[in-house]
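Here the structure is a predicted model, which means the values were calculated and not measured. Quick note: numbers below take in every heavy atom, side chains included, and nothing from hydrogens, waters or symmetry partners. Positions are given from 1, in the same order as the sequence printed here.
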Amino acid sequence: MIIVSACLIGIKCRYDGKINRPCKKVIELLKKRQAIPVCPEQLGGLPTPRIAAERKKDRVFLKNGRDVTINFKEGAKEAIRIAKLSGAKKAILKARSPSCGSGEIYDGSFTNTLISGDGVFTEICKKEGIQVFTEEEI
């Protein structure tokens with residue numbers, strides 16, 4: 001089983017309420033019943049749409065300055081619980097997301113500046129031994 005970011009299959013959970021262009025490879029995994037979609041941000045109690053968020057060191061802030069770290073951590077805990085229950089050993093997650101980014105995320109300045117780092121959920125996945133890929137790597 002593979003955990004996937006729900007936005008990659010066209011579920012309307014993106015921060016701005018828009019739909020990402022669905023990732024065909026991820027949809028095929030879902031059709032074969034090999035994938036389980038999750039949105040850690042929604043699982044953490046954040047609404048859709050919501051104000052854009054970025055990770056700054058070990059905290060996550062909305063563009064208006066509100067600290068939503070607890071929502072991101074709680075959502076990541078719920079998503080990892082789903083991953084463990086399903087026996088997932090891999091994840092395909094949304095690139096650069098403050099939850100799901102892997103290897104590269106925005107720096108928290110809301111200036112489209114990228115830095116090395118992982119999203120909150122990705123960080124937990126890697127600690128739990130789940131191999132993480134972005135949709136750009138598959």
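Residues R66 and V68 are in side-chain contact: their nearest non-hydrogen atoms beyond the backbone lie under 4.5 Å apart. Between I115 and E104, the closest side-chain pair of non-hydrogen atoms is not below 4.5 Å. A 4.5 Å side-chain heavy-atom check between Q131 and C125 finds every atom pair outside the cut-off. The closest side-chain heavy-atom distance from Y15 to L46 is not below 4.5 Å. Residues K94 and L8 meet the side-chain proximity criterion, which asks for heavy atoms closer than 4.5 Å. Side chains of F61 and K56 form a contact here, defined as non-hydrogen atoms less than 4.5 Å apart.
Annotation for R96 and Y106: closest pair O-CD1, 3.6 Å, computed over non-hydrogen atoms. In terms of heavy atoms, I130 sits closest to K90 at CG2-C, 3.6 Å. Minimum interatomic distance between G101 and I105 (heavy atoms only, all atoms of both residues): CA-CG2, 4.0 Å. When all heavy atoms are compared, the tightest approach of G17 to P49 is N-CB, 3.8 Å. For L62 against F110, the heavy-atom pair with the smallest separation is C-CZ, 3.6 Å. Scanning all heavy atoms of the two residues, the minimum distance from C13 to R50 falls at O-NH2, 2.9 Å.
Residues F133 and I82 are members of separate hydrophobic clusters, defined by side-chain heavy-atom contacts under 4.5 angstrom among Ile, Leu, Val, Met, Phe, Trp and Tyr. Both V132 and I124 are members of a single hydrophobic cluster when ILVMFWY side chains are connected at heavy-atom separations under 4.5 Å. In this structure, M1 is not a member of the same hydrophobic cluster as I9, with clusters built from ILVMFWY side-chain heavy atoms closer than 4.5 Å. By the criterion of side-chain heavy atoms lying less than 4.5 angstrom apart, applied directly or through intervening Ile, Leu, Val, Met, Phe, Trp or Tyr residues, V120 is not grouped with L43; the two fall into different hydrophobic clusters.
S102 and K126 are linked by a side-chain donor-acceptor pair at a separation below 3.5 angstrom, with hydrogens and angles left out of the test. A donor and an acceptor atom, one from each side chain of T48 and Q42, are located under 3.5 Å apart. Side-chain contact check for S99 and S97: no donor-acceptor pair (N or O, by modelled atom type) lies under 3.5 Å.
In this structure a side-chain-to-backbone donor-acceptor pair under 3.5 Å is present from T122 to C100. In this structure, N71 contributes its side chain and G45 its backbone to no donor-acceptor pair below 3.5 Å.
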Show your reasoning for whether side chain to side chain contact (heavy atoms under 4.5 Å, CB included) applies to I36 and V4. CA-CA 6 Å; I36 296 176; V4 299; over 6 Å; no
Would D107 and E54 satisfy side chain to side chain contact (heavy atoms under 4.5 Å, CB included), going step by step from the backbone distance to the final call? CA-CA 7 Å; D107 73 347; E54 291 187 6; 4.0 Å; yes
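For E123 and R55, the salt-bridge test passes: some basic side-chain N is under 4.0 Å from an acidic carboxylate O.
Atom OG1 of residue T69 and atom NZ of residue K57 lie 13.5 Å apart, to the nearest 0.5 angstrom. If you take CZ on F72 and CG on D67, they are separated by 10.5 Å, rounding to the nearest 0.5 Å.
Checked against side chain to side chain donor-acceptor pair (under 3.5 Å), K63 has no partners two or more places apart in sequence or in another chain.
When each of V38, L93, I92, I11 is checked for a side chain to side chain contact (heavy atoms under 4.5 Å, CB included) with S5, only L93 meets the rule.
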Mind listing the side-chain donor-acceptor pairs of residues 19-33 below 3.5 Å, one per line with the distance, residues two or more places apart or on another chain?
unit_1, atom_1, unit_2, atom_2, d
N20, OD1, R14, NH1, 3.1
K25, NZ, I138, O, 3.1

